[in-house]
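Everything on this sheet refers to the single structure shown next.
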Amino acid sequence: MPTPLVVSDVKKSFIMHLRGGLVLPVVTDVNFSVASGECAVLSGPSGVGKSSILKMLYGNYAVDNGQILVSHEGRTLDMATASPRTILDIRKKTMGYVSQFLRTVPRVSALDVVAEPLTARGMGQEEARERAGEMLSMLNLPKALWQLPPSTFSGGEQQRVNIARGFITDHRILLVDEPTASLDAMNRGVVEELIAAKKRDGVAIIGIFHDLDVREKVADRLIDVSAFSPRKKAA
Amino acid sequence: MTDTPLFKVNGVSKFYGARTGCADVSFELYPGEVLAIVGESGSGKTTLLNCVSTRLPPSAGSVEYRMRDGQFRDLYRMSEAERRFLMRTDWGFVHQNPADGLRMTVSAGANAGERLMAIGQRHYGNIRSTAAEWLERVEISIDRIDDQPRAFSGGMRQRLQIARNLITGPRLVFMDEPTGGLDVSVQARLLDLIRSLVNDLGLAVIIVTHDLAVARLLSHRMMVMRNGRVIESGLTDRVLDDPREPYTQLLVSSILQV
């Protein structure tokens, strides 16, 4: 099995300059890899650094040291040192991210929010909207909402828009942060099915799932993030 | 991913006597890329914008632009006529105050169509119909085509200024606080318009703003300036979500949450 994501010796801390240079260590010696077709789940109590790890993988947080190697168009690139342009290209074509919350843009309809990752890769507007509609139907978002900007939607509705947007592409690596947190049982089932389909397609998935029931169904492997905690090391 | 930049800025500095406007700024911009320059008033961001857009000769450094023939040219080694032609055709400049970028006493249609004449169009009917298309694109009702921008609201004037700049199909647009001084609702509409035009046309943009929310919405990359120097730069969401420099942390922590 190819391994499109390898994390090696990653360390992260925050330096709070406004608090007199206070150093907050987040994680250290992070080592793991994710194979194609596998769903690895980051586990551990809140505040242990699970979301921070996902954000580093996505290039959203800087890394103090270590490497995050990603297979991108036949090349191996390091997210920790890649240029902004390279990171954006990796996000566009190789690595998708379903964040916990949807960051909405005023006046853009839910349908276009979902279609956007496809049009960004050059698909025609109409075809992209059609695919977006299929995703939204699958996630049971009422059709009456499709043309509205999601900023006024409920938490669960926004999350479904976010999931549709994240799962619509054929990215080879998918990062998912608590995708089922505000969903009802029926839609949780849809998300489980979407993840299973991605795995069958050979996508490498790394996620955070607090819902034990969902985690049980999707996870192939748990990565215990408390093992990377600098506090534990010090003790 | 195109591998040739459109625009190369190397070691640009501007001194006003003993005072520093901006110091030793270098960056490259690629086609379709939106770069935000942020910082508080007096940080040198407008000086930098003016230096790289040929509006203010820098004290040191070079600014190169890739012309349509693929050749890089140093902007400050061109003739004044060549520079002016570039600014009227392949570039756009959106001012904070629309009155600085529009002719307030000629019609909206003439304002939108004027730059077409710079690229050699002479047929009145064609110019008017292209101007009308662009007014529609920036959501100005067609029955206002013969009105002067003096009679327009601030938001409409700003949209007209954008139409006037984009009508010649420029590849690079400079924007100086394009949403400054507008009501929040007008601002949201304008931001959405700018965002979709930039995406549809694949424009490269250098935008100066002190509003980090505007930078987040529009830009791919950002540079934070303080005392004339770039103190932090990188991917926009990285700089805003994980600021490294003390001053950037102060800026980000000063955003009011709504």
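Sequence lines set the chain letters: A, B, ... in the order given, protein chains first and strands last, and positions in each chain run from 1.
Proximity to chain A (any heavy atom under 4.5 Å) is restricted, for B/Ser253, to the side chain, taken from C-beta onward. In this structure, chain B has a heavy atom under 4.5 Å from the side chain of A/Phe14, while its backbone stays farther away. Using a 4.5 Å cut-off between heavy atoms, B/Glu33 contacts chain A through its side chain alone, with no backbone atom that close. Heavy atoms of A/Arg91 lying under 4.5 Å from chain B belong exclusively to its side chain. Looking at B/Arg216, the atoms closer than 4.5 Å to chain A (heavy atoms on both sides) all sit in the side chain, from C-beta outward. If you measure heavy-atom distances from B/Leu250 to chain A, the contacts under 4.5 Å come from both the backbone and the side chain. For a residue to count as touching a neighbouring chain, one of its non-hydrogen atoms must lie under 4.5 Å from one of that chain's; by this rule B/Arg244 touches chain A with backbone and side chain alike. Within the 4.5 angstrom heavy-atom criterion, only backbone atoms of A/Ile15 (N, CA, C, O) approach chain B.
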Q: Take B/Tyr247 and B/Gln249, measure what side-chain hydrogen bond (donor to acceptor under 3.5 Å, both in side chains) needs, and give me the verdict at the end.
A: CA-CA 5 Å; B/Tyr247 178 68; B/Gln249 292 189 353; over 6 Å; no
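Annotation for A/Phe101: atom CZ does not count as buried by contact number, only 12 or fewer foreign heavy atoms lying within 6.0 Å. Residue B/Arg229 qualifies as open at atom CZ: its count of foreign heavy atoms under 6.0 Å is 12 or below.
Of the listed residues (B/Gly234, B/Ser233, B/Pro246), the one with the most heavy-atom contacts under 4.5 Å to chain A is B/Pro246. Per-residue counts of heavy-atom pairs under 4.5 Å with chain B were compared for A/Leu88, A/Val108, A/Ile87; the largest is that of A/Leu88.
For the residue pair B/Tyr65/B/Asp90, the side-chain donor-acceptor check at 3.5 Å is satisfied.
For A/Lys198 and A/Phe167, the positive end is not near the middle of the six-membered ring at less than 6.0 Å and at most 45° from its axis. Note that B/Arg238 lies outside the cation-pi zone of A/Tyr61, set by a 6.0 Å cut-off to the ring centre and a 45° limit from the axis.
The only member of A/Arg165, A/Lys92, A/Arg121 that meets salt bridge (Lys or Arg N to Asp or Glu O under 4.0 Å) when paired with A/Glu116 is A/Arg165.
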